[in-house]
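For ligands, and for the atoms within them, numbers begin at 1 and follow the listed sequence.
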Amino acid sequence: MPVSDRELTQMFERVLTLSKVDKTQSVAVLKSDYSNPRIVRAAMDAAQRLGASVYGVELPAFNHPRAMGMDMTAYCGDTPLTGNLAAQRALEAADLIVDTMMLLHSPEQEQILKTGTRILLAVEPPEVLARILPTEEDKLRVNAAAERLKRARSIAVTSKAGSDFRATLGQYPTVTEYGFADEPGRWDHWPSGFLFSWPDESSAEGTLVLDVGDILLPFKTYVREKVTLEIEEGFIRRIHGGFEAEYLRDYMAYFKDPEVYGISHIGWGLQPRAQWTAMGLHDKNDGMCMDARAFYGNFLFSTGPNTEVGGSRKTPCHMDIPLRGCDILLDGEPVVLAGDVVAPEASRA
Ligand SMILES: O=c1ccc(O)c[nH]1
Ligand SMILES: [Fe+2]
């Protein structure tokens, strides 16, 4: 259902307030040719209504000649900001950046965050922003789970479909997404509600079986026949199954980069207002489908880049693959069982 401009501005006022925007703050709205103009305008208006010093940074769109599709997570690393030091300085001057063009998985995003500037990504359709409007309660639940994940030294994921995956943890930080950027140097994404870390380099091992109904992003497809990923020493070594396995093999091979098979962030969904079914109701180009990444109790697996936590894999191909119905154990203790969040208690909806 359409959201009115007035409601969109009011939602931005709410989320920018949660992001600690007030008259003492400067807010830069980062945009490019493909930004949603309604989101740009609502962010600018809301920031002004909160008394902040507001400015826009507009960058010409960047299209890599080998990028395919419109989903902004499909080709990561190079962005309209890449190489534009003057624009980066202009952005670093802000207390908060509302990113309507997607810097995620770029080295520049990390450089900007290191200056203490906060970044809030907002590129989903207004109807999704409205349905998953962030709350303080989301933050409490995600942070409760993060306290557990920060302490974890191992993760194990199994499922009835046959998944049997494990990795050690600790080399990389825990990252939370609860929908607002309220602390210095924090990046967040409205809408969200999940958390993740990265496996220690070379530690990811085992099998992940994508079962019917699991999701392949950025393809925005529901798996219709099982796909099996065999993982050794932190890399996907084999992908087998039927048509979807062949399609995934062909897509990843297209990049001609062995690093696309590396494992990226792994974690689980904690957003009850995100729905597994939502992707089926949207066109592929409506956004990046955060419902699929955030739905409650998923195991979110991903491949490719790890630059956002200081890793060396700046590879453009990034697959986000949420699985349903998994058991997720940290140090042998369950946090999710059969796709339902069981611990920590404070993380349950
Ligand atoms: O919010 C996001 C979106 C995409 C992604 O790969 C991670 N987190
Ligand atoms: Fe991802």
Side-chain angles (χ1 to χ4, degrees), residues 15 19 39 67 69-79 97-107 109-110 113 118-125 128-129 132 134 138-139 142 145-146 149 172-181 186-199 204 208 210 214-220 229 236 248 251-252 259-271 273-274 278-279 282 284 286-296 298-309 311 313-323:
V15 178
S19 300
I39 288 180
M70 299 294 288
D71 185 309
M72 291 179 239
T73 68
Y75 198 94
C76 294
D78 293 322
T79 75
I97 299 166
V98 178
D99 175 5
T100 72
M101 52 150 259
M102 173 99 165
L103 288 174
L104 183 57
H105 300 311
S106 75
Q109 170 159 307
E110 292 323 294
L113 291 170
R118 313 189 301 277
I119 300 178
L120 178 68
L121 177 62
V123 293
E124 290 293 84
V128 180
L129 297 178
I132 310 178
D138 287 339
K139 176 178 178 180
V142 171
L149 182 54
Y172 292 116
T174 289
V175 176
T176 57
E177 293 191 28
Y178 45 73
F180 46 97
R186 176 176 180 78
W187 171 83
D188 212 314
H189 187 173
W190 167 27
S192 59
F194 57 106
L195 72 159
F196 47 84
S197 187
W198 278 253
L208 279 174
L210 314 187
D214 291 342
I215 288 175
L216 288 163
L217 298 173
F219 303 158
K220 298 203 178 74
L229 309 178
I236 296 171
L248 180 58
Y251 177 77
M252 294 181 87
E259 299 209 321
V260 307
Y261 300 101
I263 311 303
S264 185
H265 55 85
I266 55 174
W268 65 102
L270 287 174
Q271 182 51 268
R273 287 172 289 147
M279 185 176 75
H282 279 279
K284 283 185 189 276
D286 273 358
M288 65 170 80
C289 195
M290 287 303 287
D291 277 279
R293 290 181 184 82
F295 72 83
Y296 194 71
N298 78 21
F299 168 59
L300 178 59
F301 172 78
S302 71
T303 68
N306 64 357
T307 50
E308 66 189 276
V309 280
R313 271 199 305 280
K314 183 190 171 193
T315 183
C317 171
H318 182 55
M319 299 295 304
D320 281 311
I321 305 175
L323 282 72

Point to revise | Nitrogen or oxygen atoms of T73 and ligand 1 under 3.5 Å apart | key: no

Practice item. Considering the heavy atoms of M290, write down every atom of ligand 1 situated less than 4.0 Å from one of them. Key: 1 (O), 2 (C), 3 (C)

Revision key, fill the gap. Here the atoms of ligand 1 under 4.0 Å from any heavy atom belonging to H265 are 5 (C), 6 (O), 7 (C)

Check your understanding: For P322 and F295, which heavy atoms make the closest approach, and how far apart are they?
Key -> CB-CE2, 4.0 Å

Exercise for review: Please indicate whether any nitrogen or oxygen in W187 is less than 3.5 Å from any nitrogen or oxygen in ligand 1.
Suggested key: no

Review point. How many angstroms lie between atom CE of M288 and atom CG of L121, to the nearest 0.5 angstrom?
Key: 5.0 Å

Check your understanding: Under a 4.0 Å heavy-atom limit, does L121 contact ligand 1 with its side chain, its backbone, both, or neither?
Key -> neither

Check your understanding: Shortest non-hydrogen contact from S197 to P173?
Key -> OG-O, 2.8 Å

Exercise for review: Confirm or rule out an N/O/S atom of H318, from backbone or side chain, lying less than 2.8 Å from the Fe ion (ligand 2).
Suggested key: yes

Study note, to complete from the structure: Distance col, row Q271:CD vs E177:CD, nearest 0.5 angstrom, shows 11.5 Å

Check your understanding: Name of the H265 N, O or S atom nearest the Fe ion (ligand 2)?
Key -> NE2

**Study point:** Residue pair H318 / H265, side-chain donor-acceptor N/O under 3.5 Å
**Key:** yes

**Study point:** Residue and atom name of the nearest protein heavy atom (relative to atom 2 (C) of ligand 1), distance in Å to one decimal
**Key:** E177 OE2, 3.4 Å

Practice item. Search all heavy atoms of P134 against all heavy atoms of F180 and return the closest pair with its distance. Key: CB-CD2, 3.7 Å

Exercise for review: Provide the number and element of each atom of ligand 1 under 4.0 Å from a heavy atom of R293.
Suggested key: 3 (C), 4 (C), 5 (C)

Exercise for review: Output the distance between atom OG1 (T307) and atom CZ (R313), rounded to the nearest 0.5 Å.
Suggested key: 10.0 Å

Practice item. Would you mind listing which atoms of ligand 1 come within a distance below 4.0 Å of any non-hydrogen atom of H318? Key: 6 (O)

Practice item. Show your reasoning for whether salt bridge (charged side-chain N to carboxylate O under 4.0 Å, His left out) applies to K314 and D78. Key: CA-CA 9 Å; K314 183 190 171 193; D78 293 322; 3.1 Å; yes

Check your understanding: Can you list the atoms of ligand 1 that are under 4.0 Å from a heavy atom of H189?
Key -> 1 (O), 2 (C), 3 (C)

Review point. In Å and rounded to the nearest 0.5 Å, what is the CG to CD1 distance from L208 to I266?
Key: 9.0 Å

Point to revise | Those atoms of ligand 1 less than 4.0 Å from some heavy atom in D320 | key: 4 (C), 5 (C), 6 (O)

Check your understanding: Which atoms from ligand 1 have a heavy atom of L104 less than 4.0 Å away?
Key -> 2 (C), 3 (C), 4 (C), 5 (C), 7 (C), 8 (N)

**Study point:** Shortest-distance N/O/S atom, D320 versus the Fe ion (ligand 2)
**Key:** OD1

